[in-house]
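Atom set for the values below is all heavy atoms of this structure, side chains included, hydrogens, waters and symmetry mates excluded. Order of the sequence lines fixes the chain letters, A, B, ..., with proteins taken first and strands second; residue numbering starts at 1 for each chain.
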Amino acid sequence: MSSRPPLSRRRALRILAAGVSIPLGVLALRRVRGQPQPVQWHGEALGAVAHMTLWHPDPGVAKRAMLRMQAEIARLEAVFSLHRPESELSRLNRDGRIGTPSRDLFDVFDQSRRIAEASGGAFDPTIQPLWRLYAETARSGAAPDPARLAAALRAVDHTRVSASRRAIRFDRPGMSASLNGIAQGYVTDRITDLLGNEGFENAVIELGETRALGHAPDGTAFTIGLVDPLQPHRTSRSVALADASLSVSGGYGLRFGDASRHHIFDPKTGISANRLAQVAVIAPRATLADGLSTAIYVAGESAAPALLAGHASTRAILTRADGTVLQL
Amino acid sequence: MLTATADTRGMAPRARRAPPRRDRRGFAAALRALLCLALCLLVAPGAATAQGDEAGPAPLLDRLTPNRIEVIYPGTTRLEMVEDDGPVAAAAYRGDEMVGYVFSTLDVLRAPGYSSTPFDVVAGVTLEGRITGALVLFHAEPYLLNDAPRTARLVQFLHAMEGGEARLGAETGLPPSFVAGATISARAMRNAVQEGARMVLRYRTEEIVVTEPTIDMINFKPRSPEELVADGGLVNAQITNRALQAAMRKAGLGDLLPEVPMTGGPDETYVDFVAGYANPPMIGRNGTGLEPYDTLINGMPEGTMGIFVATLGGVYDHRGTRFNNLSNDFRFDRVSITQGPRSYSFAKQDVIFTRGKVADILVLPADSGFDPMKPWRAELHAAALRPDGTRAPFVLASLDYTLPPGYILMPEPEPAPVWLEPWVEGQRDIAILLVALVALTGILALQGPLTRRRRLHRWVRNGFLAFTLVWIGWIASAQLSIVHLVNYLKAPFVDLSLAFYLAEPLIVILSIYTAISLVLLGRGVFCGWLCPFGALQELLAQAARALRLPQWNPSERLQRVLWNGKYLSLAVILVLIVIAPGAAMVAEEVEPFKTAITAKFVRGLPYVIYAVALLLIGLFTERAFCRFLCPLGGALAILDRLHLVDLLKRRPECGNPCHLCERSCPVRAIESSGKIIMAECFQCLDCQVEYYDDRRCPPLAKLRKRKEREQRQPAAAPAQAAKLGGNFA
């Protein structure tokens with residue numbers, strides 16, 4: 001168009017009108033579509049009750065995404081489930097060795113090793129022999145026999161795990177890993193990352209651990225209730241969570257017989273840790289939050305500042321046995 | 001007829017004779033009054049007829065007054081019947097929390113005590129399997145009726161069950177012998193409470209998972225023998241005197257007399273015999289009662305099997321007395337079991353006898369080779385007496401038995417894979433998309449006839465673009481994006497299951513169609529026809545042209561540079577995915593697809609402004625984003641080099657001297673040499689419309705004019721026409 005007409009007033013108005021009509025059309029379209037709608041899923045992941053809430057303007061998109069995430073959770077169950085005899089972790093526990101582990105299993109062992117080292121062994125992924133012992137003796141309601149406890153303790157040592165991309169191996173007989181919690185943190189992270197990658201911007205993922213993707217659609221942080229450790233059927237406080245993870249460790253979850261025997265063991269003594277009533281850790285990723293909360297719960301209040309300092313953007317809410325609360 | 005009340009707090013029982021009452025309402029009123037003083041109990045045998053008749057007991061909740069509930073489950077604020085197929089029970093709530101179950105032994109077990117009339121004891125059980133309390137509502141136990149001290153002791157005994165385990169035979173606070181003189185009744189009630197509690201709980205708390213067909217050892221409902229015969233759980237032979245004689249004749253003993261003489265006429269029942277597999281509680285427990293069945297299941301080695309046999313009537317029975325005789329080696333010789341080649345006969349020690357009825361369990365050890373899932377036969381034997389006094393045995397009845405399918409738990413069918421669901425649910429959407437893709441294939445295949453008709457082409461083109469934008473984009477949210485491509489590229493390196501990809505049917509179908517069309521025709525099929533954001537831009541550009549907005553396009557040289565923008569954005573994303581996945585997610589936002597299509601502009605303001613800016617630019621430079629920035633377009637354009645077929649037609653005159661198509665191409669994909677750069681072509685077919693337009697395409701126009709001239713002057717040079725015509729091919 002070599003002979004372009006001069007910019008007449010009429011032409012300028014037309015351009016202006018076209019320029020304004022697109023934003024107006026967009027506004028109209030937004031109005032038609034309304035706000036993001038929450039779509040929820042309730043189910044089970046790694047033996048724990050699981051929830052996901054996704055917000056998306058198109059519920060169909062969120063529903064399909066949910067299905068795809070279920071497919072991924074099912075795949076990860078086949079890696080980490082202790083209830084499935086054919087899961088990778090069960091095979092490793094049974095044979096003491098597994099060749100060419102999946103990337104997922106290796107990653108979790110790798111992260112476990114780091115947190116175990118950082119916490120001086122307060123967090124230990126190889127706690128499973130203790131767990132089994134307590135679960136067996138819990139039927140009678142009594143404390144485990146000291147000799148058997150000592151035997152189980154000998155098989156608990158995170159430094160005796162060699163994990164590489166080629167194989168994961170226990171160096172002592174009788175060892176087994178639970179990856180309890182940290183695997184759930186990993187699944188939580190994995191699903192949250194996938195959803196973020198799919199373009200979701202507001203989601204709360206609770207797959208054993210809690211992670212918030214973005215913030216609530218109204219722009220505020222998500223509010224997550226913390227269980228009152230002294231009265232586990234009610235919540236004591238709430239935590240604001242946006243683009244972060246929350247992991248809560250407390251002995252009130254699963255108990256063996258009496259209240260002092262629960263599922264979080266001190267790997268050094270083989271006895272359930274009872275220094276603190278509850279530890280809640282907020283960290284960018286669920287795997288980290290999980291490892292740290294267990295480590296602090298076992299190691300106690302004094303170890304918390306150093307553990308938190310070693311990891312960026314982490315904080316913790318500790319509840320002492322007497323109910324007093326310490327925020328770090 | 002009130003019998004007794006008792007203080008249940010462990011003080012000396014204090015019997016009191018209450019004034020006689022006729023109706024149940026008065027009974028309940030009295031109950032309330034007395035319970036207010038202490039936890040007291042009234043036993044009303046007068047209610048027996050109401051509960052023992054065929055209509056079955058009244059609904060559980062109607063039998064439970066608040067005071068009764070307070071005794072059997074203290075602290076309960078609300079009861080709610082559980083609506084499932086399990087043993088009848090009501091869920092007990094404290095506030096909003098469900099804490100346990102309340103049930104009646106009459107509903108759950110219909111267990112009799114010393115009397116054959118089943119008693120009714122109501123009880124509660126916590127979710128942890130502890131009994132919370134038990135209260136007898138009705139009984140017909142002969143040694144308890146009208147015996148106030150004993151009844152008081154029974155009440156105390158049942159009350160002392162609180163805190164005990166829900167397990168048959170578990171220790172209770174007081175032993176059954178505490179109810180002196182009615183120990184059997186007390187034990188029967190205790191057992192019924194324990195077993196009932198376990199059943200109520202087990203059905204609802206234990207997940208029954210079977211991996212292969214398994215005999216149902218869980219489900220239980222009270223059933224009469226007649227009901228069991230009706231559902232096949234038992235087989236039955238009613239032998240009349242006539243049938244007995246027929247059987248004897250068949251055995252060649254027709255002129256002898258049976259060992260046990262007949263009574264009555266030929267149609268009188270001689271024996272009414274039933275048999276069945278005893279291990280399912282529905283058969284064994286209903287047939288024999290709690291204790292004999294418990295002996296079979298818990299008192300025998302693992303894997304022990306039992307055959308239930310019973311005589312319901314007649315003068316003859318399956319037991320006889322000879323099994324008590326040493327001379328007969330204690331043989332239980334009136335019944336034998338056959339399965340295939342194996343035949344089983346029994347002795348006294350192989351039989352679990354039931355007290356009070358002629359019903360027994362014949363024990364088959366685990367290693368007997370008996371397979372309860374396969375058919376078997378029970379034979380009832382009798383004997384005729386020869387004149388010399390010797391016995392001539394014969395088969396009186398032969399019953400073929402197969403455990404009905406209702407008693408076998410089948411494994412859950414393999415659940416359909418997760419990804420299948422959206423394919424089934426999305427059938428309608430899938431069908432719409434497939435129809436659209438078939439239509440698009442048709443458009444591309446028949447592009448010659450289509451592009452000969454300028455107006456039709458415009459309608460078809462704009463119609464399809466509108467469909468792509470509104471349906472594929474906004475309604476079905478099936479905008480293919482760089483995220484999908486990246487996921488597919490990453491697939492070999494990450495452990496995502498196939499299901500993860502397959503769960504988006506429309507995306508899968510579009511991806512496959514795009515891949516095929518890319519190999520055959522080039523990138524334009526997706527970018528020009530199936531990309532909703534592309535469609536949005538093109539439709540807006542057409543509106544802009546209709547409004548005569550000024551259009552700007554870069555020079556050929558500048559455009560060659562700008563085209564590389566999309567390769568750059570693709571490269572940045574691919575590199576970031578490897579080195580910084582988090583940053584790659586930000587980089588992927590260069591696509592406004594999520595904002596404009598999937599989220600329909602319901603997103604943060606920066607995203608919306610970005611998308612609107614791209615659309616505004618598109619008003620003046622058609623598809624600027626597609627041509628210069630789109631990473632997905634970049635990826636497709638790279639692969640476009642592989643395409644196999646060129647359908648777009650050209651003439652030798654194209655580019656030299658004619659530049660018509662070059663200028664009419666909305667995205668300037670035609671070089672001044674006349675060559676179409678397929679990597680930049682959106683297959684809009686506009687150039688083909690020009691190609692066939694004999695008023696605009698100069699060579700055609702020339703030919704048309706010549707033809708018109710020829711029509712006026714028929715003797716024109718045909719050679720020239722032939723040469724031009726050859727270019728049509």
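When heavy atoms are compared at a cutoff of 4.5 Å, B:I609 does not approach chain A at all. Interface residue B:A476: only backbone heavy atoms are found under 4.5 Å from chain A. At a 4.5 Å heavy-atom cutoff, the contact between B:L619 and chain A is made by side-chain atoms alone. In this structure, chain A has a heavy atom under 4.5 Å from the side chain of B:V608, while its backbone stays farther away.
Separation of the B:W474 and B:F533 ring centroids does not fall under the 6.0 Å cut-off. Between B:F601 and B:Y607, the ring centre distance reaches or exceeds 6.0 Å.
Contact of the B:P550 side chain with the A:I15 side chain is registered, since non-hydrogen atoms from C-beta on lie closer than 4.5 Å.
For A:F80, the ring-ring contact (aromatic ring centres under 6.0 Å, His included) partners are A:Y186, not counting sequence neighbours.
In terms of heavy-atom pairs under 4.5 angstrom with chain B, the leader among A:E201, A:H56, A:M69 is A:E201. Heavy-atom pairs under 4.5 Å with chain A peak, among B:E504, B:E589, B:E425, B:R548, at B:E504.
In terms of heavy-atom proximity, A:E77 sits nearest to A:A45 at OE2-CA, 3.4 Å.
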